[in-house]
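The structure under discussion appears below in the form of structure tokens.
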Amino acid sequence: MADDIDNWLDQLAGRAATGLEHPLDQALVSALHAESAPTGDDLGLRRLHRRLEAEGLLNAKDKVRRSPRWLAVAASLMVAVSLGWWMLPEQALHEFGDTPNAASRAGEAADSRPMSAEDRAPEPVIAAPAPPPPAEAVQRSSREPVTAPAIPSPSREAQAAADAAVQDFAEQQAMRERRAVTKSNAAAQSAFAVTPPVALLPQEAGNNLADLSERLNALEGVRAVAWPPSRGDGLQVSWADAAARARLIAALPPGTEPLPAADSGQVLLRRPGSGAVQ
Amino acid sequence: MTVPEAEWLQQIAAGGESRREAVSALYRHYAARFRGYFQRCGASPADAEELCQDSFVRLVRALDRGTQVEQPRAWIWSVAQSQWLDWRRGAGPDTEDIADWEAAQSQDDPADRSLHLDDCVRRQFAAYSAAYPVGAQALLWASVEQFTAPEIGELLGRTPGATRQFLSEARKRVRGYLAVCQEWLDDSS
């Protein structure tokens with residue numbers, strides 16, 4: 001049956017080698033083609049043209065493809081410029097000019113002395129306001145509208161809120177820095193920190209390291225902490241510059257082994273026979 | 001062999017001034033077929049005209065979006081079919097009662113001696129089309145569009161085997177309708 005109907009379809013379509021045998025089938029094909037014959041329907045065609053034109057579909061391909069691309073680029077640029085302008089307030093720009101940036105800070109830190117705990121404090125974010133001003137400055141800024149943010153003519157309440165926000169931010173920043181220093185000290189004392197050179201104290205220095213630590217901490221530019229923290233049978237001593245080193249040498253018990261020659265550095269002071277350092 | 005439809009669709013897709021000419025050529029070629037198809041589906045002549053216009057707009061829009069067409073004729077008809085299905089789902093058909101139309105058609109006496117054989121066959125096919133619109137459309141696709149059984153099956157949503165069965169029954173029915181025109185053949189012989 002399949003072959004039969006396929007053959008009949010081929011005859012209807014004119015694909016078959018032999019034409020339609022039945023005269024009525026031939027008449028049927030004529031009727032089918034007459035029904036589907038193209039018509040000179042100019043009215044309908046004009047209507048279709050008008051409609052396509054109204055919808056922007058007549059000759060539209062080039063316009064449709066080009067304009068959105070340029071529009072998208074232009075819109076992106078405008079959004080980027082607007083966001084860049086409004087997200088970087090005027091005050092931040094001024095303060096940014098006075099605030100050392102991350103690169104210059106890093107340069108200072110790498111200048112000559114080894115990294116100290118203070119140097120490991122987190123770098124300020126570029127867009128953030130300057131480090132916390134002293135209390136006087138904060139109070140002055142609350143009185144002087146000159147230091148107000150870029151918003152023109154703020155109301156008294158808005159000014160107060162802005163000042164409170166600045167003060168709040170300063171406190172938070174100070175707390176963050178304290179936390180960072182503490183964390184940095186802990187890191188320096190951890191097992192992975194570089195162990196400073198050891199200098200042995202003389203035998204006659206006595207056993208009271210606490211007194212020695214107190215004496216050394218009283219010196220300007222010198223800092224002494226018990227080492228290791230768990231046992232406390234040594235002192236980790238650091239000095240900030242050459243003058244501090246000289247003061248430290250003068251304060252150490254006579255007969256203490258020589259300190260490293262660097263202007264700033266640190267050393268582990270240990271009693272003889274108190275065991276290996278970690 | 002390149003069918004003219006493929007060239008028209010390419011010109012429409014390319015846009016520019018040639019799009020207008022290609023749309024015109026395609027419309028002249030297919031408008032009457034689309035209208036007949038929609039009427040056979042059950043649309044009134046006015047609705048069929050609207051559906052025809054909507055189909056061409058839909059077709060141009062699809063090509064403008066970059067739709068790739070592999071089989072031009074089948075794709076053109078699939079656009080018209082989608083238009084019909086959307087219209088039937090949306091507005092609801094305001095179709096003529098097929099039974100009334102069939103009754104009106106059958107009032108004509110096919111054995112009227114003033115008619116020519118071709119007139120008789122045309123009228124009888126119209127009667128058959130009113131009673132079996134899907135079968136009539138399938139025969140048009142087979143003869144005019146030169147679609148094969150599987151291609152017709154795709155448009156009808158049937159398997160090739162079921163389509164062959166359907167076409168076999170359609171042939172049997174349409175021959176029954178055309179049997180009354182046999183007299184002209186007998187007279188002429």
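Per chain, numbering begins at 1; letters A, B, ... match sequence-line order.
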When rounded to the nearest 0.5 angstrom, what distance separates [atom1] in [X] from [atom2] in [Y]?
{"X": "B/Gln146", "Y": "A/Leu9", "atom1": "CD", "atom2": "CG", "result": "11.5 Å"}
{"X": "B/Arg58", "Y": "A/Leu57", "atom1": "CZ", "atom2": "CG", "result": "13.5 Å"}
{"X": "A/Asp42", "Y": "B/Tyr27", "atom1": "CG", "atom2": "OH", "result": "9.5 Å"}
{"X": "B/Phe125", "Y": "A/Leu32", "atom1": "CZ", "atom2": "CG", "result": "4.5 Å"}
{"X": "A/Leu12", "Y": "B/Phe147", "atom1": "CG", "atom2": "CZ", "result": "14.0 Å"}
{"X": "B/Ser24", "Y": "A/Arg46", "atom1": "OG", "atom2": "CZ", "result": "11.5 Å"}

Provide the closest heavy-atom pair for [X] versus [Y] in the form atom of the first, atom of the second, distance.
{"X": "B/Ala149", "Y": "A/Asp6", "result": "CB-OD1, 3.8 Å"}
{"X": "A/His33", "Y": "B/Val144", "result": "CE1-CA, 3.9 Å"}
{"X": "B/Arg19", "Y": "A/Leu58", "result": "CD-CA, 4.4 Å"}
{"X": "A/Ala13", "Y": "B/Ala142", "result": "CB-O, 3.4 Å"}

Report which part of [X] has an atom under 4.5 Å of a heavy atom belonging to chain B: side chain, backbone, both, or neither.
{"X": "A/Asp25", "value": "side chain"}
{"X": "A/Gln11", "value": "neither"}
{"X": "A/Leu52", "value": "side chain"}
{"X": "A/His49", "value": "side chain"}

If you count the non-hydrogen atoms of other residues, nucleotides and ligands that lie under 6.0 Å from CG in A/Leu43, is the total more than 12?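 Count not over threshold, so no.
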Would you say CD of B/Glu50 has more than 12 non-hydrogen atoms from neighbouring residues, nucleotides or ligands within 6.0 angstrom? yes
Going by heavy atoms in the side chains, are B/Leu117 and A/Leu24 under 4.5 Å from each other?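 Result yes, sub-4.5 Å side-chain heavy-atom pair found.
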Under 4.5 Å heavy-atom distance to chain A, tell me which part of B/Tyr37 shows up: side chain, backbone, both or neither.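 Contact with chain A is absent: no heavy atom of B/Tyr37 under 4.5 Å.
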Using heavy-atom distances under 4.5 Å, tell me whether B/Thr148 contacts chain A through its side chain, its backbone, both, or neither.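 Interface part for B/Thr148: both.
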Select, from B/Val174, B/Val60, B/Asp118, B/Leu140, the one with the greatest count of heavy-atom pairs under 4.5 Å involving chain A.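 The option with the most such pairs is B/Leu140.
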Which one, B/Arg122, B/Gln53, B/Arg175, leads in non-hydrogen pairs under 4.5 Å with chain A? B/Gln53
Hey, are A/Asp4 and B/Arg171 close enough for a salt bridge, meaning a charged N less than 4.0 Å from a carboxylate O? yes
In plain terms, say whether A/Glu35 and B/Arg33 are close enough for a salt bridge, that is, a side-chain N and a carboxylate O under 4.0 Å apart. no
